[in-house]
Amino acid sequence: MFLSVFDLYKIGIGPSSSHTMGPMTAGGQFLDELKNGQWPRPTGVKVHRLRVHLHGSLAFTGIGHATDRAVILGLCGLLPATVDPNEMDALLEKVKQTKTLAPEGHPVYRFDPAMDLIMDRRTALPGHANGMAFEAYDVDDRLLLRRIFYSIGGGFVVTEEELESAKTRTVPKADHSVPFPFKNAAQMMSMAKESGLSIAEMKRRNEEMFMSRADLDAGLDRIWSAMRSCIDRGLEQEGIMPGGLKVKRRARYLHDRLQEEWRQNRINPLLANDWLSVYAMAVNEENAAGGRVVTAPTNGAAGVVPAVLRYYLHFHEDADQDGIRDFLLTSAAIGGIVKTNASISGAEVGCQGEVGSASAMAAAGLAAVLGGTPEQIENAAEIALEHHLGMTCDPVAGLVQVPCIERNALGAVKAVTAASLAVKGDGTHFVPLDACIETMRQTGMDMNERYKETSLGGLAVNVVEC
């Protein structure tokens, strides 16, 4: 399957692409099947009540990740990309008070969140750690329809049948609908050498098989605009983030201090790192607060790519709009390879699959706009990913706050360091990117479930709440 740049960069709401955007999308797909699906039911029998079971990571950290809210919003017919964050609370309260759902084009369904949204921590669904079952019942409480969905990272949702079909293919099939159907880094490098094109140019030609150049550029500009707006909002906000940990927003304070140093021309040898960190933290504080972000490739890792892009615009005089587009195209090429051959889901492989993948994407994008060759770009991605291998996903209280916000800052710093190292070399290196991606996959499979977004291990159980 061809992964578009717009598959990797989705605009939606926080705090989690797997736990928020994915379940919201699944809710909408279930509504579509209720309305249009050819599922069997007795003549004259109507759907009266809906019920949802959340399993695995969705059950363990669903409240902290706002999965409960996302499911309800999805069953109200709302979509992650278009929902108005300012209207969500009122709608959720209406469902809670009326114990009903009234999606447009549907009859009113009974749905009591206290009874019909079940966090099943005992039963794991076999397909993926982020499993959910949507059910429809008649007025006599007889089950009419049950559908299982899996939220596999980055806002992607698959049905039980789609997941099983994908698992039967041990080797990804080539996609001959595009001129450069690379499925791994080795193929990408070979095609770049044969064609004489950059990674961004190959990715662009693939995308333009499905849309015009003008539409592609407009879409890329829209992605960056959403990222930039998220940074700006994060730099303006203050106060305590929701969830109960009482974690303070810090991005605005840090930004004000950096601005003061800038105005006074104070010498700061860590200036670039400081700006990278404050940009990444601004995004992930917005994400933690449920604001609008861009998966890059996930919400939990949404700050890394925007931070490195903003750094590029801040510190490089030759930065321009074409550079931003090349950055995003190159990053998406790397992200697609990681997702195809391993995972971008913290519930599946730990945070190495989220911040690690984001850092590799950002390193590749920056190396590209700094004039790197395909070999140097691949090297940059490998360096960044290699030094996130084994990173666990252990959010305290199931919230995408600690250690997630600072982790994005460090992921951005690693990305810039990796790009700098790579473009100063000649592109030759010991560990191929494909080997690093496979190592990440194997490490994730070996990782104990306590360290994969369940909040049952690591910092999640060793931090004492005061």
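Values reported hereafter were calculated over all heavy atoms of this structure, with side chains retained and with hydrogens, waters and symmetry mates removed. Here the structure is a predicted model, which is why all the values come from computation and not from measurement.
Here the closest heavy-atom approach between residue Tyr451 and residue Met447 is recorded as O-SD, 3.7 Å. Nearest heavy atom pair, residue Val304 against residue Ala362, reads CG1-CB, 3.9 Å. Counting all heavy atoms, side chain and backbone alike, Ile405 lies closest to Met241 at CD1-CE, 3.6 Å. Taking every heavy atom of both residues into account, Ala332 and Val5 meet most closely at CB-CG2, 3.5 Å. In plain terms, the two heavy atoms of Asn287 and Gly14 that are nearest each other are OD1-CA, 3.1 Å. Heavy-atom minimum distance, Ser57 versus Asn130: CB-OD1, 3.2 Å.
Residue Ile334 is tested with Glu382, Glu378, Met188 for a side-chain contact (heavy atoms from CB on, under 4.5 Å); the sole match is Met188.
Both tests pass for Lys339 against the ring of Phe156: distance under 6.0 Å to the centre and angle within 45° of the axis.
Proximity of Val400 to Pro395: side-chain heavy atoms (C-beta onward) are nowhere separated by under 4.5 Å. By the 4.5 Å heavy-atom criterion applied to side chains, Leu389 and Cys436 are counted as neighbours. Looking at heavy atoms from C-beta onward, Arg407 lies in side-chain contact with Cys351 at the 4.5 angstrom threshold. Counting heavy atoms from C-beta on, the side chains of Asn408 and Met281 never come closer than 4.5 Å. Side-chain atoms of Ile383 and Thr417, non-hydrogen and from C-beta on, never get closer than 4.5 Å to each other. You'll find the side chain of Val157 stays beyond 4.5 Å of the side chain of Met21, heavy atoms only. With a 4.5 Å cut-off on side-chain heavy atoms, Met440 and Ser357 count as touching.
No side-chain donor-acceptor contact under 3.5 Å links Ser18 and His65. A donor-acceptor contact closer than 3.5 angstrom links the side chains of Gln442 and Glu438.
Atom OH of Tyr253 has 12 or fewer neighbouring heavy atoms from other residues, nucleotides or ligands inside a 6.0 Å radius. The local environment of CE in Met115 is sparse, with at most 12 non-hydrogen atoms from other residues, nucleotides or ligands closer than 6.0 Å.
Take Glu207 and apply the salt bridge (charged side-chain N to carboxylate O under 4.0 Å, His left out) test, not counting sequence neighbours, and it matches Lys203. A search for salt bridge (charged side-chain N to carboxylate O under 4.0 Å, His left out) contacts involving Glu135 returns Arg146, not counting sequence neighbours. Remark: Arg121 engages no residue in a side chain to side chain donor-acceptor pair (under 3.5 Å) (not counting sequence neighbours).
The NZ atom of Lys96 lies 10.0 Å from the CD1 atom of Ile72; values are rounded to the nearest 0.5 Å. The distance from atom OG1 of Thr100 to atom CZ of Phe111, rounded to the nearest 0.5 Å, is 11.0 Å. Atom-to-atom distance recorded for Phe2:CZ and Asp7:CG is 7.5 Å, nearest 0.5 angstrom. The distance from atom CD of Gln352 to atom OG of Ser343, rounded to the nearest 0.5 Å, is 9.0 Å.
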Quiz prompt | Chi angles and distances behind the salt bridge (charged side-chain N to carboxylate O under 4.0 Å, His left out) call for Arg249, Glu286 | solution = CA-CA 9 Å; Arg249 286 181 180 254; Glu286 275 296 293; 3.1 Å; yes
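Salt-bridge annotation for Glu104 and Lys35: absent, with no side-chain N of the basic residue lying under 4.0 Å from a carboxylate O of the acidic one. Ionic pairing of Arg110 and Asp141 is not present here: no N-O contact between side-chain nitrogen and carboxylate oxygen is shorter than 4.0 angstrom. Ionic pairing of Arg450 and Asp394 is not present here: no N-O contact between side-chain nitrogen and carboxylate oxygen is shorter than 4.0 angstrom. Under 4.0 Å is where a charged nitrogen must lie from a carboxylate oxygen, and between Lys452 and Glu449 at least one such pair does. Using a 4.0 Å cut-off between a side-chain N of Lys or Arg and a carboxylate O of Asp or Glu, Arg250 and Glu406 qualify as a salt bridge.
Taking the six-membered ring where tryptophan is involved, the planes of Phe134 and Phe30 are tilted, since the angle between them lies from 30° to 60°.
At least one donor-acceptor pair under 3.5 Å links the side chain of His55 to the backbone N or O of Thr123.
Ring pair Tyr279/Tyr311: centre-to-centre distance not below 6.0 Å.
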